[in-house]
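Here is the structure we will look at.
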Amino acid sequence: MSDTTHSDNQAPIEPLLKVRHLSTRFKTDRGVLTAIDDVSFDLAPGETLGIVGESGCGKTVTSKSVMRLLPDHLTIYGDDSEIMYKDLNLVRASAGEMRKIRGDKIAMIFQEPMTALNPVFTIGWQLDETLKYHTDLNKRQRRERVIEMLRLVEIPNPEQRVKEYPHQLSGGMRQRVMIAIALSCEPDILIADEPTTALDVTIQAQILDLMNGLKRKFNTSIMLITHDLGVVATVCDRVMVMYAGRVIESGSVGEIFHNPQHPYTKALLESIPKHGRKRADGRLPTIPGIVPSLWELPEGCRFEARCKYSDSDRCIHQEPELRPGLSDRPVRCHYALGSPDERPVNLTASAAEGAAG
Amino acid sequence: MWGFIARKLIYNVPVYLGIILIVMLALRVQDPTLMKLGKNATPAQIESVSKSMGLDQPFVIQYFELLKNVVTFDFQEESWSHGGKSVGEMLKSSIPMSLAITVPTLGLSAIIGVCIALVAAYYRGRAVDRVLMIVAVLGMSISYLVYIIFGQFFGAFLPRQALGGENWPFEITGYGPLFLGEGATPMNWVSFYMLPVIIGLIVSLGYDTRFYRAVMVEESSRDYITTALAKGASKPKVIFVHMLKNAMIPIITRVMSTLPFLITGAVLMEIYFKIPGMGFQLINALTNLDFPVIQGFVAVLAAMFILTVIATDVLYALVDPRVRLS
């Protein structure tokens with residue numbers, strides 16, 4: 001087992017959320033499907049963690065597992081899976097305990113602001129609902145708080161807006177309302193699942209600015225799920241890269257962007273369009289192939305088929321453990337890259353054994 | 001809101017005028033007096049019937065005459081097959097009879113159907129859901145007639161015989177004192193109409209439950225449900241507040257669109273239980289070529305249909321803010 005190899009490089013502060021060996025499986029008609037496998041990470045107070053990966057890599061399942069928003073009767077969590085929020089293991093928490101946490105301690109915003117709000121209730125009602133569940137404020141105080149929150153997310157005319165319905169607002173405005181709902185109880189953790197993907201670029205920047213500002217104001221930790229590395233570079237402190245249900249690399253934004261050690265991370269970074277960097281044929285670099293189906297995972301490294309560094313039986317037949325690479329942060333690769341342009345460096349067996357213990 | 005209703009009424013006036021036009025034309029393809037008198041009628045007989053029905057008047061006059069009758073709800077013409085009874089009297093007695101079965105059937109079926117559908121959607125894909133749906137399909141698959149005949153036999157005939165007649169509340173026929181007439185009490189209603197209502201319920205529940213379940217399943221996968229859960233709402237709150245209000249839109253559509261069909265569609269029930277409701281009277285009139293009754297009843301049914309359409313629009317506007325009133 002690849003135990004908590006990266007527990008030492010955390011900040012000395014006690015993390016707010018400790019996720020250990022989180023495996024989430026779904027019962028389906030074809031059998032049990034493992035959507036994410038042995039995911040571990042920490043979230044420190046006030047920190048923004050970016051979770052990055054292609055579609056289907058398990059980002060959303062990770063966030064929904066933390067919120068326990070997956071259908072209970074179809075979801076199996078691993079026996080040793082732990083999501084420790086303070087002293088409570090969310091994986092084993094009762095429905096009642098989860099209700100108290102959702103919206104109050106851990107809040108969430110979603111990708112599609114057009115559909116995430118309930119179309120038949122007013123904005124004011126929907127904001128008020130969260131306060132009703134989690135605070136003892138009376139009706140008048142709640143109304144004041146609702147208007148205050150709308151003002152905080154920079155919605156003009158909040159007194160008027162509370163009476164309006166979601167369809168009367170633009171996409172950007174609705175996402176602001178979602179943020180207002182999520183932050184109205186001043187949660188410790190905000191999970192943002194692709195919060196800007198459905199918005200156009202100028203609005204994206206505004207929403208990210210707003211989230212950043214409010215994060216500082218409320219000292220909220222953010223788990224930002226995205227496939228947009230540009231967004232990660234703008235707002236995140238640390239990054240966790242996922243591939244086919246596995247964490248493959250994590251580290252600070254600087255480390256990941258300047259010194260990616262997993263070939264996948266490196267390929268992801270190379271596929272960002274950048275001024276002045278082109279392939280010889282003038283086309284944008286891409287990663288060939290597709291993410292393997294979770295039903296037919298390869299025996300060895302899950303990225304092997306698409307990896308340009310793969311050249312050994314080891315990659316094909318043995319799945320690499322998540323263990324410290326060259327700069328002591330966790331990488332899931334037999335031949336973690338030293339620097340972006342170097343050929344793979346074979347780690348010595350002793351280093352691998354040391355990490356596994 | 002009142003402006004909205006008024007506007008809807010005005011928009012539907014041309015529709016109604018068109019319906020009446022078509023109905024009247026269709027009924028005059030063949031000289032209606034021949035329906036009553038047969039082909040051996042003398043010209044004098046034809047003339048006298050024509051005159052009494054106003055059929056000798058120009059078509060335009062007849063058209064406005066019928067419209068006036070509908071608007072004032074005053075049909076003086078005498079029925080041809082029920083001597084001495086005016087069409088107006090027949091309408092006044094049969095409409096409450098029909099409503100006495102259809103309204104409770106429809107209302108209860110919608111409420112019970114939605115409740116069962118909620119349970120099925122809540123346990124979607126699990127044993128409870130599967131069993132409920134099998135029962136619903138089974139209920140749908142059996143003919144209406146089977147329910148009526150078995151219902152009459154086991155629900156009223158047998159128990160009344162066994163209990164000596166007095167202690168069993170359900171009558172074999174549904175024809176008792178007028179629903180609104182003298183001597184009508186709730187107990188009367190129960191004894192004469194409860195059995196048809198129960199049978200109607202069993203018949204419509206299968207369809208309704210399946211439809212409402214599909215609605216609930218669709219709504220339960222919407223994003224706003226996840227949002228509500230993420231806000232800390234309890235499952236009952238999510239289902240009964242968030243989901244149900246959204247599901248009201250298809251539910252209203254379903255209930256309102258079945259209403260006109262229930263008025264005429266309960267024909268079998270009315271015939272077997274001998275209830276002189278609208279369907280029963282209309283079928284009788286059609287088989288007896290009772291021209292004044294057919295014309296009057298169809299005109300009134302068309303008006304009721306249009307009113308339910310307008311009521312549906314009003315209900316939409318009440319439930320769904322995206323439907324604009326102006």
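Lettering follows sequence order; numbering is per chain, from 1.
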Among the listed options A:T115, A:L69, A:N118, A:L74, the residue most often paired with chain B at heavy-atom distances under 4.5 Å: A:N118
Charged N-O contact under 4.0 Å between A:R145 and A:E186: yes
Top contributor to chain B contacts, counting heavy-atom pairs under 4.5 Å, from A:M178, A:R68, A:H167: A:H167
Under 4.5 Å from any heavy atom of chain A - which part of B:R322: both
Note: A:K163-A:E159 ion pair, threshold 4.0 Å (strictly below): no
Carboxylate-amine/guanidinium proximity below 4.0 Å for A:E97 and A:K100: no
Lys/Arg-Asp/Glu bridge criterion (N-O < 4.0 Å) met for A:E148, A:R151: no
Top of A:P119, A:G103, A:A107 for chain B proximity - count of heavy-atom pairs under 4.5 angstrom: A:P119
side-chain hydrogen bond (donor to acceptor under 3.5 Å, both in side chains) between B:T253 and B:Y316, worked out: CA-CA 8 Å; B:T253 313; B:Y316 280 155; 2.5 Å; yes
Pick from B:V319, B:D320, B:V241, B:I249 with the largest number of heavy-atom pairs that fall under 4.5 Å of chain A: B:V241
Check against side chain to side chain contact (heavy atoms under 4.5 Å, CB included), A:K217 and A:L152: CA-CA 10 Å; A:K217 184 175 164 68; A:L152 269 176; 3.5 Å; yes
Most chain B-contacting option - heavy-atom pairs closer than 4.5 Å, from A:Q168, A:H134, A:M108, A:K64: A:H134
Which atoms of A:I181 approach chain B - backbone, side chain, both or neither, heavy atom under 4.5 Å: side chain
